[in-house]
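Keep in mind that the numbers below use all heavy atoms, side chains included, and drop hydrogens, waters and symmetry copies.
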Amino acid sequence: MRTVRRTSSAALVAGLDGVTVRGVERRGKYLVLRFDEGARAMIHLRMSGQVLIAGRTDPRPAHTHVVMGLSDDAERGRGEEVRFVDPRTFGEVVAYREADAAVLVPELDRLGWDPLLEPEAMTPRRWRALLAGRRRQLKALLLDQHPVAGIGNIYSDEILHRARLRPGRRSDDLSAQQARRLLGTIGEVLAEAVAHGGSSLRDAQYVDVDGRQGGYQAFHRVVDKEGHWCGTCDRARIRRSVAAGRSSYWCPWCQR
DNA sequence: AAACAAACCTGTGCGC
DNA sequence: TGCGCACAGGTTTGTT
């Protein structure tokens with residue numbers, strides 16, 4: 001099936017059969033499961049993927065592509081399984097050996113600064129150099145996982161609104177103050193979004209492992225609000241345009 | 001170097 | 001009610 005495309009399904013099953021979970025990590029938008037003996041799994045949800053934990057006897061949702069049975073566990077209860085569900089099949093599950101990571105999941109090595117994992121690693125000075133060293137639209141730069149990892153279309157717009165910068169603004173055209181403000185808002189918006197369980201939009205695709213929707217969409221200032229009066233300045237209506245090939249929402253008054 | 005389009009898919013919401 | 005079309009959270013690849 002398309003969800004398992006870098007290896008055979010048989011290799012995925014063989015690679016994960018009987019292993020013990022040692023850790024679960026997030027790196028940018030990638031999930032990495034660490035098992036004993038160097039076994040690993042990478043999961044990416046892309047547009048419509050979900051990772052759910054449910055009882056083995058609960059009906060499996062449509063588009064369940066990968067199922068990992070769990071041993072009985074006193075804390076969570078008995079008879080549970082991890083399911084990867086993904087209608088659009090853009091998402092991916094890869095099982096690999098730690099030693100083969102560079103070959104099978106090379107993108108993990110190319111991920112940029114992760115604002116939540118290592119907030120202090122990006123100093124204002126480094127950040128200014130990063131911005132000045134390219135001549136890119138801020139929106140495109142935030143969406144690019146190589147300089148900064150973990151920001152998608154929703155949070156790039158929310159970050160730029162809070163930083164009061166337009167999506168099409170050039171990265172090498174910011175004052176020191178604007179650059180500092182942008183750096184600060186990246187961490188703030190991401191941390192708040194995580195605290196509220198992320199953002200679930202109209203189609204409610206984004207849910208946690210228990211199937212619960214996020215709550216941060218209630219705090220969105222611009223995303224999905226084309227034509228609404230801006231709740232921050234109350235002086236302009238939110239506009240929608242295409243930047244970096246993606247739908248972008250912004251306030252013409254707040255953002256310059 | 002950076003911008004853009006297309007490709008990978010299915011589901012949903014809208015206008016008619 | 002139903003049909004066709006536009007569009008959707010991401011990433012890679014190839015072309016201007």
Side-chain angles (χ1 to χ4, degrees), chain A residues 1-6 26-32 42-52 60-66 84-94 103-112 114 129-161 166-174 189-190 193-194 196-209 211-227 240-249:
Chain A
M1 85 202 50
R2 276 179 298 271
T3 299
V4 180
R5 48 188 183 253
R6 295 191 204 195
R26 177 198 60 79
R27 296 165 60 182
K29 299 176 191 172
Y30 296 79
L31 301 176
V32 177
M42 179 277 267
I43 300 176
H44 197 301
L45 306 179
R46 296 283 180 106
M47 302 283 268
S48 58
Q50 301 175 332
V51 171
L52 303 172
R60 290 178 181 164
H63 310 293
T64 300
H65 301 300
V66 176
F84 182 82
V85 178
D86 185 12
R88 272 176 93 177
T89 66
F90 284 10
E92 229 185 326
V93 178
V94 184
V103 174
L104 266 175
V105 285
E107 62 266 55
L108 292 178
D109 291 328
R110 298 192 211 112
L111 289 175
D114 190 305
L130 191 158
L131 294 176
R134 335 175 177 230
R135 186 176 175 77
R136 293 189 78 182
Q137 299 188 42
L138 290 178
K139 170 91 177 189
L141 188 140
L142 292 181
L143 288 176
D144 186 343
Q145 302 301 296
H146 302 114
V148 183
I151 300 173
N153 205 29
I154 292 174
Y155 299 125
S156 62
D157 283 358
E158 293 298 326
I159 287 164
L160 288 170
H161 180 260
R166 294 194 182 189
R169 186 71 181 275
R170 302 285 157 162
S171 60
D172 64 346
D173 187 39
L174 301 190
V189 169
L190 292 181
V194 169
H196 288 278
S199 303
S200 302
L201 301 184
R202 284 178 302 272
D203 66 3
Q205 271 305 117
Y206 178 72
V207 293
D208 65 16
V209 291
R212 282 193 290 260
Q213 306 208 13
Y216 192 66
Q217 62 279 5
F219 299 89
H220 288 177
R221 308 303 289 184
V222 290
V223 167
D224 253 7
K225 295 189 182 296
E226 182 183 17
R240 183 170 89 105
S241 58
V242 174
R246 311 292 299 282
S247 189
S248 305
Y249 299 89

Novice: Return the nearest nucleotide to the side chain of A:Tyr30; candidates are B:dC9, C:dG10, C:dT12.
Specialist: C:dT12

Novice: Which distance, rounded to the nearest 0.5 Å, do you find between the OG1 of A:Thr89 and the NE2 of A:His65?
Specialist: 6.0 Å

Novice: With respect to the side chain of A:Asn153, which nucleotide from B:dC9, B:dC4, C:dG10 is positioned closest?
Specialist: C:dG10

Novice: Quick one: NE2 on A:His63 to CG on A:Asp86, what's the gap to the nearest 0.5 Å?
Specialist: 9.0 Å

Novice: If you assign each of A:Ser171 and A:Arg202 to its closest nucleotide in DNA chain B, which residue comes earlier from the 5' end?
Specialist: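 Going by which nucleotide is closer to the 5' end, it is A:Ser171.
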
Novice: Checking salt bridge (Lys or Arg N to Asp or Glu O under 4.0 Å) for the pair A:Arg202/A:Asp224: CA distance, chi angles, key distance, verdict?
Specialist: CA-CA 9 Å; A:Arg202 284 178 302 272; A:Asp224 253 7; 2.6 Å; yes

Novice: Is any side-chain N or O of A:His44 closer than 4.0 Å to OP1 or OP2 of C:dT11?
Specialist: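 For A:His44, the contact criterion (side-chain N or O under 4.0 Å from OP1 or OP2 of C:dT11) is met.
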
Novice: For A:Arg240 and A:Ser248, which I'm curious about, is there any donor-acceptor pair between the side chains at under 3.5 Å?
Specialist: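 No donor-acceptor contact under 3.5 Å links the two side chains.
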
Novice: A:Phe90 ring centre to A:Arg88 NZ or CZ under 6.0 Å, with the angle to the axis within 45°?
Specialist: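 Yes, a cation-pi geometry.
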
Novice: Which distance, rounded to the nearest 0.5 Å, do you find between the CD of A:Glu158 and the CD of A:Gln217?
Specialist: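 If we round to the nearest 0.5 Å, A:Glu158:CD and A:Gln217:CD are 11.0 Å apart.
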
Novice: Roughly, in whole Å, what's the span from CD in A:Glu107 to C1' in C:dT13?
Specialist: 14 Å

Novice: For C:dG4 and B:dC9, measure between their P atoms and round to the nearest Å.
Specialist: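 Here C:dG4 and B:dC9 have their P atoms 22 Å from each other.
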
Novice: I want to verify a distance call: between B:dA3, C:dT11, B:dA2, whose nearest atom is closest to the A:Arg46 side chain?
Specialist: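 Closest nucleotide among those given: C:dT11.
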
Novice: What is the distance, to the nearest angstrom, from the CG atom on A:Asp86 to the C1' atom on C:dA8?
Specialist: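 Nearest whole value for this atom pair: 13 Å.
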
Novice: So what does A:Arg240 touch, heavy atoms closer than 4.0 Å: a base, only the sugar-phosphate, or nothing?
Specialist: sugar-phosphate

Novice: Within less than 4.0 Å of OP1 or OP2 of C:dC7, is there a side-chain N or O belonging to A:Ser247?
Specialist: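 No, outside the criterion.
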
Novice: Pairs under 3.5 angstrom only: tabulate donor-acceptor contacts from the side chains of residues 144-152 of chain A to other protein residues two or more places apart or in another chain.
Specialist:
{"unit_1": "A:Asp144", "atom_1": "OD1", "unit_2": "A:His146", "atom_2": "N", "d": "2.9"}
{"unit_1": "A:Asp144", "atom_1": "OD1", "unit_2": "A:His146", "atom_2": "ND1", "d": "2.9"}
{"unit_1": "A:Asp144", "atom_1": "OD2", "unit_2": "A:Arg136", "atom_2": "NH1", "d": "2.7"}
{"unit_1": "A:Gln145", "atom_1": "OE1", "unit_2": "A:Gly150", "atom_2": "N", "d": "2.8"}
{"unit_1": "A:Gln145", "atom_1": "NE2", "unit_2": "A:Leu143", "atom_2": "O", "d": "2.9"}
{"unit_1": "A:Gln145", "atom_1": "NE2", "unit_2": "A:Ile151", "atom_2": "O", "d": "3.0"}

Novice: In whole Å, what is the span from the CZ atom of A:Arg170 to the C1' atom of B:dA2?
Specialist: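 Going from A:Arg170 (CZ) to B:dA2 (C1'), I get 8 Å.
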
Novice: Is the closest side-chain donor-acceptor distance between A:Ser199 and A:Tyr155 under 3.5 Å?
Specialist: yes

Novice: Whole Å only: how far is the CZ atom of A:Arg5 from the P atom of B:dA7?
Specialist: 17 Å

Novice: How close or far is atom P of B:dA3 from atom CG of A:Asp172, stated in whole angstroms?
Specialist: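 Distance check: A:Asp172 CG to B:dA3 P gives 10 Å.
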
Novice: Where each residue is assigned the nucleotide of DNA chain C containing its nearest heavy atom, which of A:His146 and A:Met47 is assigned the position nearer the 5′ end?
Specialist: A:Met47

Novice: In whole Å, I'd like the distance from the CD atom of A:Gln205 to the C1' atom of B:dG11.
Specialist: 8 Å

Novice: Send over the distance from A:Leu143 CG to B:dC4 P, rounded to a whole Å.
Specialist: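 Result: 13 Å.
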
Novice: Can you tell me how far P of B:dA7 sits from CD of A:Glu92, to the nearest Å?
Specialist: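 Rounded to the whole Å, the gap is 20 Å.
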
Novice: Would you indicate, yes or no, if C:dT11 has its OP1 or OP2 atom less than 4.0 angstrom from a side-chain nitrogen or oxygen of A:Gln145?
Specialist: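 A:Gln145 to C:dT11 OP1/OP2: side-chain N or O found under 4.0 Å.
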
Novice: Mind checking if A:Gly152 touches a base, just sugar-phosphate, or nothing, with heavy atoms under 4.0 Å?
Specialist: sugar-phosphate

Novice: Would you say C:dT11 has OP1 or OP2 under 4.0 Å from some side-chain N or O of A:Arg246?
Specialist: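 For A:Arg246, the contact criterion (side-chain N or O under 4.0 Å from OP1 or OP2 of C:dT11) is not met.
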
Novice: Taking C:dA6 as the reference, what is the distance to B:dA5 when you measure between their P atoms (whole Å, please)?
Specialist: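 Looking at atom P only, B:dA5 and C:dA6 are 15 Å apart.
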
Novice: Only Watson-Crick and G-U wobble pairs with both distances less than 3.5 Å should count. Give DNA chain B in dot-bracket notation, marking inter-strand partners with |.
Specialist: .|||||||.|||||||

Novice: Below the 4.0 Å mark, does B:dG11 have OP1 or OP2 next to a side-chain nitrogen or oxygen of A:His63?
Specialist: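 Looking at the OP1 and OP2 atoms of B:dG11, one of them is under 4.0 Å from a side-chain N or O of A:His63.
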
Novice: Select base, sugar-phosphate, or nothing to describe what A:Arg136 touches, counting heavy atoms under 4.0 Å on all strands.
Specialist: sugar-phosphate

